[in-house]
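Just so you know, these numbers use all the heavy atoms, side chains as well, and skip hydrogens, waters and symmetry mates.
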Amino acid sequence: MSNEVKSEVKKEMKIDPAYRGYVFLGWASGLFDAETKTGTEKRPYYNMYVFSPVSDFRSDEYEASGFKAEKKKCVSPDVWEGLEPGDKVKLFFDDKQKVIQAALDG
């Protein structure tokens with residue numbers, strides 16, 4: 001992607017601290033080397049990046065508040081189709097905790 005196109009894609013993103021759901025940040029996909037019984041093979045990966053709320057917590061040894069950035073594994077690139085950085089999203093997971101669907105949230 002050229003720098004001209006990248007600059008057009010960027011937009012101002014403000015995170016609402018009152019929102020207690022996921023905020024889409026972006027995605028990455030590609031191939032990685034996986035060890036198998038017969039050697040090494042290329043396998044695809046699909047990841048999305050989100051902000052998620054941290055439960056306000058305080059103890060003698062730990063304190064947390066605000067948001068955390070997370071990488072979520074996805075079943076396919078279709079999960080983030082149509083999403084823009086800054087979109088509020090609901091995520092739906094399979095039994096392996098991979099994202100199977102993301103839907104706009106409000």
Side-chain angles (χ1 to χ4, degrees):
M1 182 180 283
S2 72
N3 286 338
E4 288 179 45
V5 174
K6 284 182 185 177
S7 64
E8 290 176 20
V9 172
K10 291 181 182 178
K11 67 177 183 176
E12 186 174 324
M13 184 171 60
K14 294 184 180 182
I15 305 300
D16 178 3
Y19 178 65
R20 304 309 294 170
Y22 294 104
V23 177
F24 178 73
L25 298 174
W27 58 270
S29 67
L31 298 173
F32 70 96
D33 290 329
E35 295 296 324
T36 66
K37 292 178 183 179
T38 59
T40 303
E41 65 180 52
K42 297 280 188 187
R43 291 193 181 161
Y45 68 88
Y46 313 103
N47 296 325
M48 70 184 318
Y49 301 94
V50 296
F51 277 144
S52 63
V54 173
S55 298
D56 289 333
F57 181 79
R58 186 179 201 138
S59 73
D60 292 340
E61 299 174 1
Y62 180 79
E63 185 175 353
S65 184
F67 288 87
K68 61 184 173 182
E70 293 185 77
K71 174 175 71 174
K72 298 290 188 186
K73 293 180 181 182
C74 301
V75 295
S76 78
D78 298 336
V79 169
W80 59 74
E81 187 175 330
L83 297 180
E84 296 289 330
D87 285 347
K88 296 175 183 176
V89 294
K90 291 180 183 179
L91 301 181
F92 301 90
F93 299 90
D94 66 10
D95 59 343
K96 296 179 183 175
Q97 292 305 301
K98 284 189 175 184
V99 179
I100 58 173
Q101 183 180 7
L104 290 175
D105 186 16

Same cluster or not: are [X] and [Y] linked, directly or through other Ile, Leu, Val, Met, Phe, Trp or Tyr residues, by side-chain heavy atoms under 4.5 angstrom apart?
X	Y	result
L104	V23	no
F93	W80	yes
Y46	I100	yes

To the nearest 0.5 angstrom, please state how far the [atom1] atom of [X] sits from the [atom2] atom of [Y].
X	Y	atom1	atom2	value
Q101	S76	CD	OG	10.5 Å
K98	N47	NZ	CG	9.0 Å
Q97	L91	CD	CG	10.5 Å
M48	K73	CE	NZ	15.0 Å

Ignoring hydrogens, what is the shortest heavy-atom contact between [X] and [Y]? Give both atom names and the distance.
X	Y	answer
S65	V54	N-CG1, 4.0 Å
F24	V50	CA-CG1, 4.2 Å
Y19	Y22	CE2-O, 3.3 Å
F92	A103	CE1-CB, 4.1 Å
G66	R20	O-NH1, 4.4 Å
V75	D94	CG1-OD2, 3.9 Å

Is the backbone of V89 close enough, under 3.5 Å, to the side chain of D87 for a donor and an acceptor to pair up by distance?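 Not at all, since once roles are kept as given, no pair shorter than 3.5 Å links the two residues.
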Is there a side-chain contact between V79 and K72 in this structure, where contact means two heavy atoms from C-beta onward sitting under 4.5 Å apart? no
Below 4.5 Å, heavy atoms only, C-beta onward: do L31 and R43 meet side chain to side chain?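 They are not in side-chain contact.
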Indicate the ring-plane relationship of F67 and F51, choosing parallel, tilted or perpendicular according to the 30° and 60° boundaries.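 Geometry flag for F51 against F67: tilted rings.
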